[in-house]
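Values below: all heavy atoms of this structure, side chains included; hydrogens, waters and symmetry mates excluded. Counting begins at 1 with the first residue of the sequence.
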Amino acid sequence: MSKLDIKSELNGPQLEAVTAIEGPALIIAGAGSGKTRVITCRIAHMLEKGIPQHAILALTFTNKAAREMETRVKKLTGRKLQSLTVSTFHAFGLRIIREEAELLGYRGNFSVYDETDRMSLIKESLRECRMASARVDLYALGRLFSDIKTGLAVWNRGAGKNGPPQAGPAVSADLRPVYEEYQHGLKVYNAVDFDDLLTVPLELFENSPEILEKYHRRYRYIMVDEFQDTSLIQYRLLRLLAGVSATDRAARRAQGQAANVCVVGDDDQSIYSWRGANYENLLMFEKDFPGAKEIKLEQNYRSTSTILEAANGVISHNTNRKEKTLWSGTEGGKPVELFYPENESAEADFIASQIRHLMIMESLKYRDFGVLTRTNSLARNIEEAFLSGNIPYRVSGGTSFFQRKEIKDIISYLKLMANLNDDVSLLRIINTPRRGIGKTTITALGNLARENRSGIWDAVSRLNRARSGGQQGLFQDKKALTELEEFMDLIETHRAEMLERKSRPGRPWALSQKVRALVDGIDYWGYLVAEHGKEEKIARWKFGNIEYFIRMIENWERDPDNFDPGLYPWLNRISLITRDDGEDDAGDKVNLMTIHASKGLEFPAVFIAGAEQGLIPHERSIGGAENGEEGGSLEEERRLFYVAITRAREKLYITSCRKRRRLQNTADCVPSPFLDEIPKHLIEYHEPETTVDDAALAEDFFARIRAQFH
């Protein structure tokens, strides 16, 4: 990319942000102001200046954003990017743990626990501490453990080894033994959780100056996207990577140097305090990087001036913010339409009918619509209206079918049978269902595998051979040895069946039948009943998922184009489905999502549903998040509404119900106070239509088309 190309592509402030590559820089990028273009052009400019790829580190918050940045840089430069690092904070942390695994005490093939795995280990830790998991709110306990680990809270008897200096409020230490058992379990199972992806590298950097120096020398140019969403722990990582300490600053001043760190953010879009995000990091950056150049990007390339004026009117009521005013080159635009439906059913019908109306009258496609709600629970009636109206849609978020614990358990059995060296799958199911193989046994197996540079399965085989030869070896627990032997027999027996491709009398031949025999053989139903106690409905629901999984295999086997219905092809197919699940951007579908999930997206037409007091702002907005709800301060709720408004490019609808059903009762609703902050001259009050005649709309549309040809 030449300088002339950059100048033709960017406005003045954008060009300044792209070319300010030496020293610290703070870029305040308003909604829709082209920050991704600025970041990618900045990387391309650095490469053109001769800065090597490996010296550049760009951090963002979603894998999708990281992929988009890398794709744009490739397109701009025409280069292969073998050593450029563009990733999320957590992916970067995972990279460090993988590189330093041996030093950190992990085997190279450690696993990263998702929320399902994490909850299972928390339940196991409760059992180890002889506490009934049925009496504990597992979600709240998981949040507590996360807060302890990331320093948002400490035990009231001391912060412990993971508590950073600025740790948050103290909490009761009654559950500390469970937390310590959970941490021990992660080590035993050779696993890390999502929080570890940040806390482990941070602890490594703080305790190993020579390791920190290695990464400090490697990454000489650092950029952070969505800086307002960084947590304190992420900011501490950034400071360490940039070499920010009293000693470092003094040395840099003596040499006339400054850290080459550029952060891009917008305090008006900080909406994740409930996940530890701290928009005040913007202020801390100015303190820690004195002399940082501040550049404001205020020209919006997304929305009409009407939508931006509405957004500015709302956000101007926040006091703790950097002053800026978005403006657009697209003057005018359609007014914001505000509708007060009678109830949530009328609200859903209105949204569905308006989508059909706009598709016909303005030639929009389904994918051009974003329907935003404050909470997932508000989506139910809208989904019903879409299903009734044959409107295709996608819901962002939720748990993938293949990520459900019961499905992952069965898949892990199949993966182990396909590859006995798959330690991750083996450790997942070695004690599922419960076999009395404890953590002491698993730890010893891991040590034996490490000593012999082998997998866990090989270590189990060695133990069984030693036992059959009369040698007890490391294990004195005869019960554990017996359980291990029975586990091996189970796997080997079913493995032989799974890999058998010929039909034999009295033996199941179809893969689906073999999987069903496996589920029965391990008595997974009995395991579910034992796990959920008196809540048999949950056990039945989970077992129903397994039945559905088996039916999926049956349907795959019956496909006339499937010429190889065996175990390996099925697992390959599962891998592809799992990899793509949740990343499907293809297809023409309406986008139904929470406002939080809409961050970074844009649509020609946006509906904000449920703009009522108690929802926007949320009733838990005062005092922070409780019981897992996404709630922050009143100013954060206003920022959330601002984000919702600025997702719209051309058309914005806002609905506020007069009544809404809550639990078993119907209550009167009060419109959101944020609606009064939108300048009145921008609003058009939408009157409900008595009927929506799609046939009449279609006839009118075709009449206008015919008129163009006469």
Side-chain angles (χ1 to χ4, degrees), residues 111 113 116-134 136 138 177-178 180-191 405-406 408-410 412-417 420 422-450 455-495 517-533 539 542-543 546:
S111 56
Y113 272 13
T116 303
D117 296 328
R118 185 167 173 264
M119 286 296 123
S120 295
L121 183 56
I122 288 176
K123 288 173 71 174
E124 183 178 326
S125 301
L126 285 165
R127 279 191 295 267
E128 292 286 340
C129 295
R130 305 191 184 286
M131 297 178 67
S133 60
V136 177
L138 292 176
V178 184
E180 291 173 349
E181 183 64 32
Y182 169 77
Q183 288 290 88
H184 175 60
L186 286 172
K187 277 291 186 182
V188 169
Y189 292 121
N190 193 38
K405 180 186 182 303
E406 60 274 15
K408 288 183 72 174
D409 285 346
I410 303 306
S412 292
Y413 271 99
L414 299 180
K415 284 183 174 180
L416 180 60
M417 290 170 193
L420 294 175
D422 185 346
D423 283 358
V424 173
S425 295
L426 186 151
L427 288 173
R428 181 181 181 86
I429 51 90
I430 194 170
N431 210 26
T432 304
R434 232 149 266 300
R435 297 186 175 89
I437 301 173
K439 289 176 183 168
T440 302
T441 301
I442 295 172
T443 300
L445 286 171
N447 292 336
L448 185 58
R450 190 181 294 109
I456 302 292
W457 180 266
D458 180 75
V460 177
S461 300
R462 287 174 184 271
L463 279 179
N464 282 335
R465 287 197 299 270
R467 188 189 188 198
S468 63
Q471 301 174 10
Q472 196 78 346
L474 295 171
F475 289 82
Q476 303 302 317
D477 188 341
K478 293 182 179 180
K479 185 178 185 300
L481 286 168
T482 300
E483 294 286 356
L484 284 171
E485 187 175 357
E486 291 178 357
F487 173 71
M488 282 195 74
D489 289 343
L490 172 80
I491 297 298
E492 288 174 340
T493 299
H494 283 281
R495 183 172 189 262
L518 169 67
V519 172
D520 293 339
I522 61 177
D523 189 20
Y524 200 84
W525 165 247
Y527 165 70
L528 289 174
V529 171
E531 283 290 295
H532 297 285
K542 288 179 176 288
F543 199 75
I546 293 175

Quiz item: Hey, what do you get for CG (L448) to CZ (R450), rounding to the nearest 0.5 Å?
Solution: 10.5 Å
Self-check item: CD1 on I442 to NZ on K187, rounded to 0.5 Å
Solution: 15.5 Å
Practice problem: Check whether any side-chain heavy atom of I546 lies under 4.5 Å from a side-chain heavy atom of W525, and answer yes or no. | Solution: no
Quiz item: Do the side chains of I429 and F487 get nearer than 4.5 Å, heavy atoms only?
Solution: yes
Quiz item: Can you tell me if NZ on K405 sees more than 12 non-hydrogen neighbours from other groups inside 6.0 Å?
Solution: yes
Quiz prompt | Least distance between heavy atoms, P433 atom then Y413 atom | solution = CD-OH, 3.6 Å
Exercise. Would you give the length of the straight line joining atom CG of D458 to atom CG of L463, rounded to the nearest 0.5 angstrom?
Key: 10.0 Å
Practice problem: Could you tell me the separation between the CG atom of N431 and the CD atom of E124, rounded to the nearest 0.5 Å? | Solution: 6.5 Å
Quiz prompt | Point-to-point distance, once rounded to the nearest 0.5 Å, from OH of Y527 to CZ of R435 | solution = 10.0 Å
Exercise. Taking D423 for its side chain and I456 for its backbone only, find out whether a donor-acceptor pair lies under 3.5 Å.
Key: yes
Quiz prompt | Nearest atoms (heavy-atom pairs only) where A480 meets T441 | solution = CB-OG1, 3.6 Å
Quiz item: How far apart are the closest heavy atoms of H494 and A517, and which atoms are they?
Solution: CE1-O, 3.7 Å
Quiz item: What are the two closest non-hydrogen atoms of E406 and Y524, and how far apart are they?
Solution: CA-OH, 3.3 Å
Quiz item: Taking all non-hydrogen atoms of both residues, which atom of V178 and which atom of S125 are closest, and how far apart?
Solution: O-CB, 3.8 Å
Exercise. With the side chain counted from C-beta on, respond yes when L420 and L426 share a heavy-atom pair under 4.5 Å apart, and no when they do not.
Key: no
Practice problem: Could you check if a side-chain atom of E531 sits within less than 4.5 angstrom of a side-chain atom of K542, using non-hydrogen atoms only? | Solution: no
Quiz item: About how many Å separate CD1 of I491 and CD of E486, when rounded to the nearest 0.5 Å?
Solution: 12.5 Å
Quiz item: Can you name the nearest heavy-atom pair linking V188 to K439, along with the distance?
Solution: CG1-O, 3.7 Å
Practice problem: Show the numbers, then the answer: is there a salt bridge (Lys or Arg N to Asp or Glu O under 4.0 Å) between E181 and R127? | Solution: CA-CA 10 Å; E181 183 64 32; R127 279 191 295 267; over 6 Å; no
